[in-house]
Amino acid sequence: MDRVQFHLDRLLFEKNMKIPDLVEKSGVNKNTLYAIKKNMISRVDLKVLQNICDALDCSLSDLMSYVPQSISSSREGVLFVLSGPSGAGKNTLINSLKQNYDLGLTFIPSFTTRAMRPGEVEGNPYFFVSLKDFEQMAARGEFLEHEIIHGNYYGTHLKTYEKTLRDGKDVIKDIDVNGALNLKKTFPNNIVLIYVRPTVLNELEDRLHGRGDADEDIRRRLERLKYEESLSDQFDFLIFNDDIPTATAELAQIIKTYTKRGDTRDVRSQNRVETTYAQKAK
Ligand SMILES: Nc1nc2c(ncn2[C@@H]2O[C@H](COP(=O)(O)OP(=O)(O)O)[C@@H](O)[C@H]2O)c(=O)[nH]1
Ligand SMILES: Nc1ncnc2c1ncn2[C@@H]1O[C@H](COP(=O)(O)OP(=O)(O)O)[C@@H](O)[C@H]1O
């Protein structure tokens, strides 16, 4: 697997740029840029990286990241990732799963710079840190991956994932679409990507209002919807969360299939289930 990963795709999206714009601004050859964008490059000149960073006004750690061998070869636990638009019900389903099913899953809180919401506490569902602390942690390479989402930073703690999965524990976590697809490159064999959404996307706004989000936060969150939907077909499963118990049951069904005792932990060798509700996305 590629342990050095480029994030050009995301950066271009964030800067509202296309490859031809970057060719013009950076002077870097088009084919090189496409290869970097697709993570299909095995060697690259430092000058090229410098020119890309200058053109995108970003740092090298925004453009690329490195995953240590120790974690990339971990095959012990299975990592279940829930992604989807804000308000889809990812956290609701994780909590409902905890309360109604005994699947022995571990939830690993991420680190974030966003403000704590009512009902949240330190360590659940996040460790809440300042921007300065987050940046220092990122610079020290403490994150497996990190992203800026809705203007806040979110990062998965490398050492905790490493230890938990190595100990053979199965993990469930909601991660944004970029982070999910990056993690798939890190753990190609023991990850299951699940995309969650309501059947009717217009319901998201009501749900976010119901959760008590401020209007400005709701607007920012919904702005990302189109991008998130555009990546949904790269996920292994799609769950329509219209009714919480039904969607929780679908999620539990998927998890049980991949964590059967006695089965190999290499999820590649297991057949994927299609329940009546949970459909493989493609
Ligand atoms: N890439 C990445 N995304 C994360 C991480 N932790 C949470 N997220 C995602 O960050 C986004 C915003 O999360 P949150 O602030 O809880 O808002 P919500 O989606 O509206 O509930 C969601 O898509 C989460 O799944 C992480 O460690 N890495
Ligand atoms: N199936 C559902 N029907 C109606 N409301 C829901 C459903 N699932 C979740 N909600 C509500 O929608 C809001 C957003 O859910 P949440 O789990 O915070 O979403 P996410 O973690 O995906 O951003 C919460 O107020 C939650 O109670």
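All values below were derived from every heavy atom in this structure, side-chain atoms included, with hydrogens, water molecules and symmetry-related copies excluded.
Side chains of I52 and L33 form a contact here, defined as non-hydrogen atoms less than 4.5 Å apart. Residues L60 and C53 meet the side-chain proximity criterion, which asks for heavy atoms closer than 4.5 Å. Proximity of L222 to L208: side-chain heavy atoms (C-beta onward) are separated by under 4.5 Å at one or more points. Contact annotation: the side chain of E147 never approaches that of I175 to less than 4.5 Å [non-hydrogen atoms, C-beta and beyond]. Looking at F187 and L144, their side chains come closer than 4.5 Å, going by heavy atoms from C-beta outward. The closest side-chain heavy-atom distance from S61 to Y66 is not below 4.5 Å. Side-chain contact between D170 and T106: absent, with no pair of heavy atoms (C-beta onward) separated by less than 4.5 Å. Residues F107 and D174 meet the side-chain proximity criterion, which asks for heavy atoms closer than 4.5 Å.
With 3.5 Å as the limit, one finds no donor-acceptor pair spanning the side chains of N29 and Y34. Side-chain contact check for H150 and S86: no donor-acceptor pair (N or O, by modelled atom type) lies under 3.5 Å. With 3.5 Å as the limit, one finds a donor-acceptor pair spanning the side chains of D242 and T199. D62 and S59 share a donor-acceptor pair across their side chains, judged by distance under 3.5 Å alone.
For K163, the NZ atom is loosely surrounded, since the number of other residues' heavy atoms within 6.0 Å does not exceed 12. Other residues, nucleotides and ligands contribute over 12 non-hydrogen atoms within 6.0 Å of the CG atom of D45. Shown here is D243, whose CG atom has more than 12 heavy atoms of other residues, nucleotides or ligands within 6.0 Å. Counting heavy atoms of neighbouring residues, nucleotides and ligands inside a 6.0 Å radius, atom CD of E24 does not exceed 12 of them.
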- request: Show the numbers, then the answer: is there a side chain to side chain contact (heavy atoms under 4.5 Å, CB included) between M64 and L49?
  value: CA-CA 9 Å; M64 59 196 288; L49 297 179; 3.9 Å; yes

- request: Just do the side chain to side chain contact (heavy atoms under 4.5 Å, CB included) check on K173 and L82 with the steps written out, would you?
  value: CA-CA 6 Å; K173 176 71 183 97; L82 264 55; over 6 Å; no

message: Could you go through R207 and N241, starting from their C-alpha distance and side-chain angles, then the distance that decides it, and tell me whether this counts as side chain to side chain contact (heavy atoms under 4.5 Å, CB included)?
response: CA-CA 12 Å; R207 287 191 191 178; N241 172 27; 3.6 Å; yes

task: Carefully, step by step, assess V81 and I194 under the rule side chain to side chain contact (heavy atoms under 4.5 Å, CB included).
output: CA-CA 6 Å; V81 174; I194 303 161; over 6 Å; no

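Here the closest non-hydrogen pair linking Y101 and A249 is OH-CA, 3.3 Å. When every heavy atom of E122 is checked against every heavy atom of F128, the shortest pair comes out as OE1-N, 3.2 Å. Listed here is the closest heavy atom pair of M116 and V121: CE-C, 4.0 Å. Listed here is the closest heavy atom pair of A55 and S26: CB-CB, 3.8 Å.
Salt-bridge annotation for E14 and R10: present, with a side-chain N of the basic residue lying under 4.0 Å from a carboxylate O of the acidic one. Between R197 and E229 a salt bridge is recorded (basic side-chain N to carboxylate O distance below 4.0 Å). Of the charged side-chain nitrogens involved, none lies within less than 4.0 Å of a carboxylate oxygen, so that E142 and K159 do not count as a salt-bridged pair. Ionic pairing of D21 and K15 is not present here: no N-O contact between side-chain nitrogen and carboxylate oxygen is shorter than 4.0 angstrom. Checked for salt-bridge contact, E120 and R114 meet the test: a charged N lies under 4.0 Å from a carboxylate O.
Results of the side chain to side chain contact (heavy atoms under 4.5 Å, CB included) test with T248 over I239, L93, I94, T92 single out L93 as the only residue that passes. Screening D236, V78, L79, L165 for a side chain to side chain contact (heavy atoms under 4.5 Å, CB included) involving I191 leaves a single residue, L79.
Two different hydrophobic clusters hold Y126 and F111 under the rule that ILVMFWY side chains link at heavy-atom gaps under 4.5 Å.
Taking the six-membered ring wherever Trp is involved, the centroid distance between the rings of F134 and Y154 does not fall below 6.0 Å.
Note: F143 and H157 have perpendicular aromatic rings, judged against thresholds of 30 and 60 degrees for the angle between ring planes.
Judged purely by atom type and a 3.5 angstrom limit, K37 has no side-chain atom pairing as donor or acceptor with the backbone of I19.
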